[in-house]
Amino acid sequence: MNWSDDGIILGARRFGEGGLILDVLTRMRGRRSGLVYGGSSRKRRAQYEAGNSVSLSWTGRLEEALGRFDVAEASRERAARVLDDPAALAAISAITAILRGGLDEGDAAGSALFEATELLLDQIEAQEIWPALYVRWELGLLSALGFGLDLDACALSGANDGLTHVSPKTGRAVRGSEAEEYVDRLLRLPLFLVESTAHVAPSDIADGLKLTGYFLEARLFGGLNRGIPPERLRLVGRMLKRP
Amino acid sequence: MSQNSAGPEILRLIELISRLPGLGPRSARRVALFLLKRRDTLLKPLADALAEAGEKIERCKVCGNFDTVQPCAVCQAGGREDALVCVVEDVPDLWALERGGAFRGRYHVLGGVLSAIDGITPDDLNIPSLVTRVEAGGIREVILALNATVDGQTTAHYVAELLEGKGVSVTRLAHGVPVGGELDHLDDGTLAAALRSRRDI
């Protein structure tokens, strides 16, 4: 069997003396792994940094086998561009760690996750843009994996404006004014997740991260009996410290 | 190799040698035979050296280097600048810097870098002792000589943050064009890093 696809590198670990086992999120086939012969050579190692995009071909006897990747040159070498930017570097680590931890082999095939991740990674040098995009990406990830939140209308009144909170139990949006006595138990819903043109303040990013973090932990990683990756915790810690 | 063609001692020797980096079972058989044919000139001296190394060599309690003395020879050496500490991922990096002879300060070996894929967290690294060294005073600059990879630089930023406000200057090695490197053959990321790090001549 063989196929060719585009992929975002999620991580690489050494295999033997010169090989690498490459973990990628592909456009059509979801998360896939494969062996790259000679991948850990000094000449080629740089292109296999997490967050880079590559064009690759996979060959294996069976679809479920580990198989072998032949990787053409990296089409986007993002990692090297952000080595001096601790927040962007932390974001790349968190994005790839969440995808590695939250997706099993073959998961997210045919979803829009690849395009969403490419879009986010392409903006990772734009400090004023990517934090809001990152929160939206986590929301999209939950949705792509079947844990999407319902932010269209208030779970209590059915109204589709003035949505300010989300129920941690149901994942449905709520108008704070409709649930005054429970409001301290609800998660805040930042406006930019409902209205794409809304201004994004640092407190909105913090609220957004708390919201998506809760559902990532409870629904995605909790369901897999895994903890939320420490890379995300470090990213959140860094973003909340920002002035 | 069949069980009958060699005794258990030879099989064990081959099995242990095959665990060394770069050696598979076939190479291990060749190495074992090579050693056995040179019992007095190589096998016994090697066995003695391994036994001695196993008994005497340990991690330096100050910097994390390997040596037979505590603290290690590099930590004890006179003529080095105590105020400069170079942080490296592992002992081979320390050896590489010593080979170059360009650095005459002290070292600190982390014993790895933060790595999601290998499950290495800050608790697995020799970071607290670095913070203790810095807090003890007498250090002016900490140079983070970690690999120019996502994991290496994530670790560098993590260490830099821990050392914030502790009265030391934290620097890192430059990223860019290697000596003898041709621009045409460099990857885009390295070229971009080199351009960002340009300086007056």
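Convention: sequence-line order gives letters A, B, ...; per-chain numbering from 1.
Within the structure, ring-ring contact (aromatic ring centres under 6.0 Å, His included) contacts touching residues 207-239 of chain A (residues at least two apart or in different chains) do not occur.
For a residue to count as touching a neighbouring chain, one of its non-hydrogen atoms must lie under 4.5 Å from one of that chain's; by this rule A:P229 does not touch chain B. With a threshold of 4.5 angstrom between heavy atoms, B:A192 approaches chain A through side-chain atoms but not through N, CA, C or O. Looking at B:H175, only its side chain comes within 4.5 Å of chain A, counting heavy atoms on both sides. With a 4.5 Å cut-off on non-hydrogen atoms, A:R76 does not touch chain B at all. Both the backbone and the side chain of A:R81 come within less than 4.5 Å of a heavy atom of chain B.
Contact detail for B:D118 and A:R13: the closest heavy-atom pair is OD1-CB, 4.3 Å. Pairing each heavy atom of B:H157 with each of A:L89, the nearest pair is CD2-CD2, 3.5 Å. Smallest separation of non-hydrogen atoms from B:A193 and A:A80: CB-O, 4.5 Å.
Counted within 6.0 Å of CZ on A:R226, heavy atoms from surrounding residues, nucleotides or ligands total more than 12; the atom is thus considered enclosed. By the neighbour-count criterion of 12 heavy atoms within 6.0 Å, atom CZ of A:R188 is sparsely surrounded, having that number or fewer from other residues, nucleotides or ligands. No more than 12 heavy atoms of other residues, nucleotides or ligands sit less than 6.0 Å from atom CZ of A:R14. Other residues, nucleotides and ligands place no more than 12 heavy atoms under 6.0 Å from the CZ atom of A:F15.
Atom CG of residue A:L83 and atom CZ of residue B:R196 lie 7.5 Å apart, to the nearest 0.5 angstrom.
Among B:V150, B:T154, B:L114, the residue with the largest count of heavy-atom pairs under 4.5 Å with chain A is B:V150.
Scanning residues 48-55 of chain A against chain B with a 4.5 Å non-hydrogen threshold yields A:E49, A:A50, sorted by number.
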Using distance only, find each side-chain donor-acceptor pair of residues 6-17 of chain B under 3.5 Å and give its atom names and separation, not counting sequence neighbours.
{"residue": "B:E15", "atom": "OE1", "partner": "B:R19", "partner atom": "NH2", "Å": "3.1"}
{"residue": "B:E15", "atom": "OE2", "partner": "B:R19", "partner atom": "NE", "Å": "3.1"}
{"residue": "B:E15", "atom": "OE2", "partner": "B:R19", "partner atom": "NH2", "Å": "3.3"}

Please tabulate, one pair per line, all N/O donor-acceptor pairs under 3.5 Å involving side-chain atoms of residues 42-65 of chain B, not counting sequence neighbours.
{"residue": "B:E52", "atom": "OE2", "partner": "B:K56", "partner atom": "NZ", "Å": "3.1"}
{"residue": "B:R59", "atom": "NH1", "partner": "B:G64", "partner atom": "O", "Å": "2.6"}

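Put simply, the side chain of B:R172 reaches to within 4.5 Å of the side chain of A:D84, judged on heavy atoms.
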